Trainee: 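After the structure tokens below, expect a handful of questions from me.
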Protein chains: 2
Amino acid sequence: MSGPTRAPTLADVAASAGVSLSTASLAFSGNKPVSAATRERVLAAATELGYSGPNPLARNLRQGRSGVVGIAVGQLSTAFRDPAALAMLDAVSEVLGAAGLGLLLMSDDDEHARLPLDAVIYDICGRETWAAYDDLVARDVPLVVVEGPEWPGSTYIDIEHRAGSAALAEHLHALGHRDVAAVTLVASHPQREREAGLRDVFPDARVLGACESDVAAAQSLVARHLGDRGPVSAIVCQSDVQAAGVVLEARRRGIRVPEDLSVAGFDGVATPWLDLELTTVVQPLADKGRATAEAVLGRIAGAGVTDVVLPVELRVGESTGPA
Amino acid sequence: MSGPTRAPTLADVAASAGVSLSTASLAFSGNKPVSAATRERVLAAATELGYSGPNPLARNLRQGRSGVVGIAVGQLSTAFRDPAALAMLDAVSEVLGAAGLGLLLMSDDDEHARLPLDAVIYDICGRETWAAYDDLVARDVPLVVVEGPEWPGSTYIDIEHRAGSAALAEHLHALGHRDVAAVTLVASHPQREREAGLRDVFPDARVLGACESDVAAAQSLVARHLGDRGPVSAIVCQSDVQAAGVVLEARRRGIRVPEDLSVAGFDGVATPWLDLELTTVVQPLADKGRATAEAVLGRIAGAGVTDVVLPVELRVGESTGPA
DNA sequence: GGCTAGCATCGAATCGATTCGATCGAAACG
DNA sequence: CGTTTCGATCGAATCGATTCGATGCTAGCC
């Protein structure tokens with residue numbers, strides 16, 4: 001009938017239903033009881049006017065919350081290439097989704113200061129600095145840091161990097177290995193912890209080099225550096241994906257795993273393209289994600305900071321054997 | 001000095017700087033010129049009061065935009081297990097991020113009606129129905145559908161499924177193959193197009209079965225059904241990840257690729273854990289992501305619907321050979 | 001019958017900015 | 001010198017809801 005008339009608001013609905021704005025609001029939100037008849041009338045008026053529910057922007061302003069939680073993951077392209085990151089993300093999303101919160105991806109080059117975030121999850125992915133951090137602190141946005149360095153005021157979720165790494169090292173030591181090398185991730189807090197665990201058993205373990213958690217990256221790293229520093233009977237990696245790359249590259253060069261070289265991973269994710277089961281340190285990825293999400297919910301609800309450290313478990317597979 | 005006083009607002013800053021609220025606003029937004037001296041004064045007052053910039057929730061209400069774009073991907077855990085999805089996501093995020101927009105993950109079980117979204121990308125991932133769709137339409141949220149069925153009012157981004165699939169089929173036909181089977185994705189619009197392309201060349205090609213784009217899923221599918229329906233000299237898959245699973249499973253059973261069986265994929269992503277290059281249909285994943293993001297920007301800016309169909313290209317690798 | 005409870009509803013304040021139109025001075029111009 | 005123009009600033013309206021406190025009305029109780 002009419003031209004491009006503006007979208008109806010709750011006030012229009014209230015007027016059309018013959019009730020006050022506040023009653024109409026209550027009919028939608030259910031925050032206080034409204035008689036069934038009134039609710040009917042309001043909803044009918046809404047349908048007739050083509051009103052599709054309260055404007056979330058307005059509600060957000062009034063309530064001071066946006067319902068959106070950011071998750072900083074460094075570079076998107078590399079962060080999710082590892083199934084371990086996905087497993088955790090999945091659990092985070094599940095818990096937050098059930099609470100009605102959305103999850104917003106933040107890659108660290110972007111300018112996110114203008115977005116309204118109720119909290120931010122900082123999943124370090126190999127970086128210790130992050131441009132937006134100070135800004136978030138200034139804006140009083142609750143922060144939950146996963147496997148990062150502890151920061152004052154932020155909740156801290158972690159796993160037993162050092163103990164897990166040491167348990168794996170002891171396993172190798174018991175097998176008779178003495179010349180052990182590591183493929184590491186780029187410098188970061190968890191990386192240092194893991195190296196410390198390795199050195200608890202092998203004080204002068206060598207570092208072959210650092211690379212991302214990526215099959216191809218590990219392959220080319222090993223290809224470049226395997227012969228560099230004398231004989232090595234075992235290589236420990238910082239992810240199963242890296243370990244898979246090392247196994248594949250070793251085989252390509254005629255080195256048998258585990259007969260000639262033992263290889264170990266970290267995480268405990270499935271590697272279906274590898275025909276042997278990796279020896280690895282299994283971390284509870286889903287638990288980590290859930291703990292992270294629950295920490296977020298707690299912080300949003302105003303609870304204090306409660307850190308979590310989750311246990312890991314050595315799983316001996318077929319990729320390690322006697323020296 | 002004082003107790004838990006409420007966070008300062010722009011009005012406080014304006015008062016402290018001795019300017020009007022509107023001038024203070026302009027000093028931050030720069031939407032109209034403000035003298036340098038005034039801006040200095042406002043910013044100084046802000047610093048002193050610990051004001052961390054205009055509240056995004058308030059700005060959002062006023063401007064009617066949230067700066068957040070949703071992306072629906074079905075199940076998170078399965079959607080991003082394929083590097084093709086990640087490559088596209090990466091490009092989307094890059095373009096949207098540059099425009100100051102955030103990307104919010106929507107898994108299809110969640111209730112996202114309460115979130116303020118400026119637009120939604122619908123990356124089908126094998127599903128044709130999606131609970132929130134009607135709601136989004138009712139709320140007039142611009143929709144961009146990637147590889148989905150066309151829906152009135154939504155922008156449509158696609159690739160040449162049928163032509164690409166047919167080109168691959170012709171390649172196999174030229175190699176002498178006559179008994180060809182397909183591993184498919186679950187029923188969906190692109191899946192049907194691709195089957196049509198296959199049947200343009202092999203009218204009675206068989207479907208071994210459908211599974212997700214996942215190495216392990218393809219392996220077990222092939223393990224169950226390879227012998228089911230007589231001899232097959234070539235298997236076409238709907239993703240390189242699936243194809244990798246088929247290659248690995250074939251080898252496990254002593255079937256050589258490509259000597260005994262030709263295997264083809266789709267997408268053109270890297271499969272570093274496979275020691276042979278797959279024959280595949282390469283799609284421009286980054287272009288697809290960019291086109292999607294640009295469509296979103298256009299729709300948010302109020303532009304009309306402009307669909308995009310991107311070309312694909314056959315890449316002959318080492319996984320296909322003479323029948 | 002008078003008094004108290006309790007439920008449904010309403011009016012008004014509020015969330016924190018952006019932005020339109022008006023005003024005021026000073027510079028530019030003839 | 002009078003007038004026009006333009007830039008800087010201000011006041012007030014606005015975005016669209018939620019929510020607090022007050023009011024009216026009905027029912028229950030002694």
Side-chain angles (χ1 to χ4, degrees), chain A residues 5-43 45-46 49-67 100 113-118 139-141, chain B residues 5-43 45-46 49-67 100 113-118 139-141:
Chain A
T5 158
R6 86 185 196 304
T9 72
L10 188 54
D12 299 327
V13 174
S16 160
V19 301
S20 76
L21 178 54
S22 38
T23 300
S25 174
L26 296 176
F28 276 99
S29 71
N31 287 356
K32 287 212 292 188
V34 164
S35 77
T38 306
R39 178 168 30 249
E40 286 300 308
R41 211 141 36 86
V42 171
L43 296 182
L49 293 179
Y51 178 75
S52 46
N55 181 329
L57 294 169
R59 179 194 1 244
N60 286 350
L61 172 59
R62 186 65 241 254
Q63 300 186 332
R65 317 183 309 101
S66 67
R114 299 171 67 87
L115 295 178
L117 300 175
D118 287 349
R139 284 165 60 197
D140 251 344
V141 177
Chain B
T5 158
R6 85 186 196 304
T9 72
L10 188 54
D12 300 326
V13 173
S16 160
V19 300
S20 75
L21 178 55
S22 39
T23 300
S25 173
L26 295 176
F28 277 98
S29 71
N31 287 356
K32 287 212 293 188
V34 164
S35 78
T38 307
R39 176 165 33 248
E40 286 300 308
R41 212 141 34 85
V42 171
L43 297 181
L49 293 180
Y51 178 75
S52 45
N55 181 328
L57 294 169
R59 181 199 354 248
N60 287 350
L61 172 59
R62 186 66 240 253
Q63 300 187 332
R65 318 183 308 100
S66 67
R114 298 172 67 89
L115 295 178
L117 300 174
D118 287 350
R139 285 165 59 197
D140 251 342
V141 176

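Residue numbers begin at 1 in each chain, while the letters A, B, ... track the order of the sequences. What you see is a predicted model, and the numbers here were worked out from it, not measured in a lab.
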Trainee: What distance separates B:L21 CG from B:L10 CG, expressed to the nearest 0.5 Å?
Mentor: 5.0 Å

Trainee: From CG of A:D12 over to P of D:dC15, roughly how many Å is that when rounded to an integer?
Mentor: 11 Å

Trainee: Closer to the 5' end of DNA chain D via nearest nucleotide, is it A:A7 or A:S22?
Mentor: A:A7

Trainee: From the list C:dC10, D:dA17, D:dT9, which nucleotide is the closest neighbour of the side chain of A:V19?
Mentor: C:dC10

Trainee: Do B:S29 and B:R59 come close enough that some side-chain heavy atom pair is under 4.5 Å?
Mentor: no

Trainee: Could you state the CZ-C1' distance from B:R65 to C:dT19, rounded to the nearest angstrom?
Mentor: 15 Å

Trainee: Could you give the CG-to-P distance, from A:L10 to C:dT14, as a whole number of Å?
Mentor: 20 Å

Trainee: Taking only the side-chain nitrogens and oxygens of A:S20, find out if one of them lies under 4.0 Å from OP1 or OP2 of C:dC10.
Mentor: yes

Trainee: Reckon A:Y51 touches a base, only the sugar-phosphate, or nothing at all at heavy-atom distances under 4.0 Å?
Mentor: sugar-phosphate

Trainee: Can you check the A:L21 CG to C:dC10 C1' distance for me, whole Å?
Mentor: 10 Å

Trainee: Take A:L61 and B:R39, find for each the nucleotide of DNA chain D with the closest heavy atom, and name the residue whose nucleotide sits nearer the 5' end.
Mentor: B:R39

Trainee: Could you tell me whether the side chain of A:T23 reaches within less than 4.5 Å of the side chain of A:T38, counting heavy atoms only?
Mentor: yes

Trainee: Would you mind telling me which of C:dA17, D:dT9, D:dG16 lies closest to the side-chain atoms of A:A58?
Mentor: D:dG16

Trainee: Within less than 4.0 Å of OP1 or OP2 of D:dT9, is there a side-chain N or O belonging to B:T38?
Mentor: yes

Trainee: Hey, is the side chain of B:Q63 poking within less than 4.0 Å of OP1 or OP2 on C:dT19, counting only N and O atoms?
Mentor: yes

Trainee: Is the phosphate of C:dC10 approached by A:T23 (side-chain N or O, under 4.0 Å from OP1 or OP2)?
Mentor: yes

Trainee: Atom CZ of B:R41 to atom P of D:dT9: distance rounded to whole Å?
Mentor: 8 Å

Trainee: With respect to the side chain of A:S25, which nucleotide from C:dA17, D:dT18, D:dG11 is positioned closest?
Mentor: D:dT18

Trainee: Determine whether a donor-acceptor pair (N or O, by modelled atom type, separation under 3.5 Å) exists between the side chain of B:N31 and the backbone of B:L26.
Mentor: no

Trainee: Output yes when at least one side-chain N/O atom of A:N60 is less than 4.0 Å from OP1 or OP2 of D:dA17, else no.
Mentor: no

Trainee: Hey, is the side chain of B:N55 poking within less than 4.0 Å of OP1 or OP2 on C:dC15, counting only N and O atoms?
Mentor: no

Trainee: Would you indicate, yes or no, if D:dT9 has its OP1 or OP2 atom less than 4.0 angstrom from a side-chain nitrogen or oxygen of B:S35?
Mentor: yes

Trainee: Rounded off to whole Å, could you give me the CG-to-C1' distance for the A:L26 and D:dC20 pair?
Mentor: 11 Å

Trainee: From A:L57 CG over to A:S66 OG, what is the distance, rounded to the nearest 0.5 angstrom?
Mentor: 10.5 Å

Trainee: Test your reading of the model: is there a side-chain donor-acceptor pair from A:S16 to the backbone of A:D12, 3.5 Å cut-off?
Mentor: no

Trainee: What is the distance from NZ of A:K32 to P of D:dT19, rounded to the nearest Å?
Mentor: 10 Å

Trainee: Rounded to whole Å, please give me the gap between CZ in B:R62 and P in D:dG16.
Mentor: 9 Å

